[in-house]
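Note sheet for the following structure.
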Amino acid sequence: MGCGPRENGADRRVEIRVEDLHKSFGGRAVLCGVELEIRQGEIVAVVGGSGAGKTVLLDHMVGLLTPDRGRVLVADHGRRGRPLVDLGALDEAGLDRVRRHWAVVFQKNALFSGTVFQNIALWLKENTDLSATQIYDRVRDALDAVGFEGDDSILTKTRGELSGGMAKRVAVARAIAMSPAIIFYDEPTTGLDPQNAAKIHELICATHERARRENGGQTSVIITHDKDLLHRLRPRIVMLHLGRVFFDGAYEAFERSDSEIVRPYFELMPMLNQAPIPE
Ligand SMILES: Nc1ncnc2c1ncn2[C@@H]1O[C@H](COP(=O)(O)OP(=O)(O)O)[C@@H](O)[C@H]1O
Ligand SMILES: [Mg+2]
């Protein structure tokens, strides 16, 4: 059983629209005309070979990179009616406002020095009116949700004291604590052992489901090579190839595809998913 919304999402609000996105580095084209629309409540997996431009696409969707050509529109959750706004047209204050409603679980987790508690609490302190007690409860709830129930020692650990699997769970807890409208995951299980990977699969699914029940639905965008994760989530699949969207459709169609581009990639996925995370 997947955990994505089964209903047709065509009538849902647009969260992100990528139009004719082009990006080159040093004369080498990485993205050349990406078109993509993501609607509220969807689970979208972005797949494609190593170096296909998945992270570069993500960086454009969260405003860390600016397009050479084309644009990225996002729903502005900080304004009434949640209008679609062009990321490239926002000033710093506007960018801050739209970013407040997203969370990113980076490939390398991007935990900062300081304790686990500080890692999760900082954003809440800076972006909400919650009291110290409320922040503590939110941090505790988020850590419980990622499998640290009853474990108080986790709060004071620093990132150097966490295993790869624990750091990933803390990074997910930090994202969940923000109650984001959109959560982006960049290769959340790459390099993890099967047990920790399975925990993350459940976590991504449970987080999506919980938000659907509690606040009308979260959009999840996941860059991954993890076949087991796809099998668990049965998401919409968007495959990048030669700088464009080569495949965009249901997981079932992706799995069955006999395309000469999809097949070899599908066979390669387990190896890509084992690759150690590059520093
Ligand atoms: N800031 C950058 N400067 C130069 N090249 C970059 C930069 N970011 C990404 N690239 C290149 O763009 C290509 C796509 O990278 P990336 O999106 O990270 O691939 P992946 O699909 O594995 O996530 C790679 O060849 C990478 O070396
Ligand atoms: Mg990447």
Side-chain angles (χ1 to χ4, degrees), residues 16-36 38 43-72 74 87-88 95 102-111 164-165 167-168 171-172 175 182-192 196-197 200-201 204 219-230 233 235-249 251 254 257 259 261-279:
I16 303 172
R17 181 181 294 146
V18 176
E19 294 177 351
D20 193 33
L21 178 59
H22 290 249
K23 188 71 177 182
S24 299
F25 294 103
R28 210 174 71 77
V30 174
L31 301 179
C32 27
V34 172
E35 302 277 349
L36 178 62
I38 296 175
I43 305 184
V44 179
V46 178
V47 306
S50 193
K54 303 179 297 297
T55 299
V56 169
L57 173 61
L58 169 71
D59 285 347
H60 281 90
M61 292 195 283
V62 298
L64 291 174
L65 285 174
T66 45
D68 293 342
R69 198 171 111 196
R71 53 184 198 159
V72 178
V74 301
L87 272 183
L95 261 182
W102 310 332
V104 188
V105 179
F106 289 100
Q107 196 160 355
K108 285 181 263 176
N109 301 321
L111 298 178
K168 187 58 73 184
V172 175
I182 313 179
I183 184 160
F184 298 93
Y185 301 87
D186 194 352
E187 300 205 26
T189 57
T190 301
L192 292 186
N196 272 309
I200 299 294
H201 300 166
I204 291 173
T219 307
S220 302
V221 180
I222 309 160
I223 296 175
T224 189
H225 300 295
D226 185 340
K227 269 188 191 177
D228 295 333
L229 175 60
L230 298 185
L233 299 179
R236 170 180 163 199
I237 306 275
V238 170
M239 181 181 180
L240 292 184
H241 180 66
L242 298 179
R244 290 165 172 256
V245 174
F246 178 79
F247 177 97
D248 185 348
Y251 169 74
F254 181 73
S257 168
S259 146
I261 304 299
V262 173
R263 256 354 302 160
Y265 170 71
F266 199 76
E267 300 310 323
L268 206 60
M269 287 178 87
M271 196 196 81
L272 292 170
N273 195 45
Q274 280 317 306
I277 298 166
E279 281 308 315

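Each ligand, and each atom within it, is numbered from 1 in the order the structure gives.
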Please list, in number order, the atoms of ligand 1 under 4.0 Å from a heavy atom of [X].
{"X": "Gly49", "value": "21 (O)"}
{"X": "Ser50", "value": "22 (O)"}
{"X": "Arg28", "value": "13 (C), 24 (C), 25 (O)"}

To the nearest 0.5 Å, what is the distance between [atom1] on [X] and [atom2] on [Y]?
{"X": "Thr189", "Y": "Asp228", "atom1": "OG1", "atom2": "CG", "value": "8.5 Å"}
{"X": "Ile222", "Y": "His201", "atom1": "CD1", "atom2": "NE2", "value": "9.5 Å"}
{"X": "Met239", "Y": "Ile261", "atom1": "CE", "atom2": "CD1", "value": "7.0 Å"}

Test item: Asp68 side-chain N/O and Ser24 main-chain N/O as donor-acceptor pair under 3.5 Å = yes
Side chain of Lys227, backbone of Pro270: donor and acceptor closer than 3.5 Å?
-> no
Could you tell me whether the Mg ion (ligand 2) has an N, O or S atom of Thr55 under 2.8 Å away?
-> yes
Among all protein heavy atoms in this structure, tell me which lies nearest to [atom], with the distance rounded to 0.1 Å.
{"atom": "atom 6 (C) of ligand 1", "value": "Phe25 CD1, 3.4 Å"}
{"atom": "atom 18 (O) of ligand 1", "value": "Thr55 CB, 3.6 Å"}
{"atom": "atom 19 (O) of ligand 1", "value": "Gly51 CA, 3.3 Å"}
{"atom": "atom 17 (O) of ligand 1", "value": "Val56 N, 2.9 Å"}

Using non-hydrogen atoms of the residue, decide whether Gly48 is closer than 4.0 angstrom to ligand 1.
-> no
Dump the intermediate steps for side-chain contact (heavy atoms from CB on, under 4.5 Å) on Leu87 and Leu95, then the final yes or no.
-> CA-CA 7 Å; Leu87 272 183; Leu95 261 182; 3.7 Å; yes
Among Leu64, Val30, Val46, which residue places a heavy atom closest to atom 12 (O) of ligand 1?
-> Val30
Neighbour count above 12 (heavy atom, 6.0 Å) for Arg263 CZ | yes
Quick one: which of Tyr265, Phe247, Phe246 gives a ring pair (Phe, Tyr, Trp, His ring centres under 6.0 Å) with His241?
-> Phe246
Could any protein non-hydrogen atom be found less than 4.0 Å from atom 3 (N) of ligand 1?
-> yes
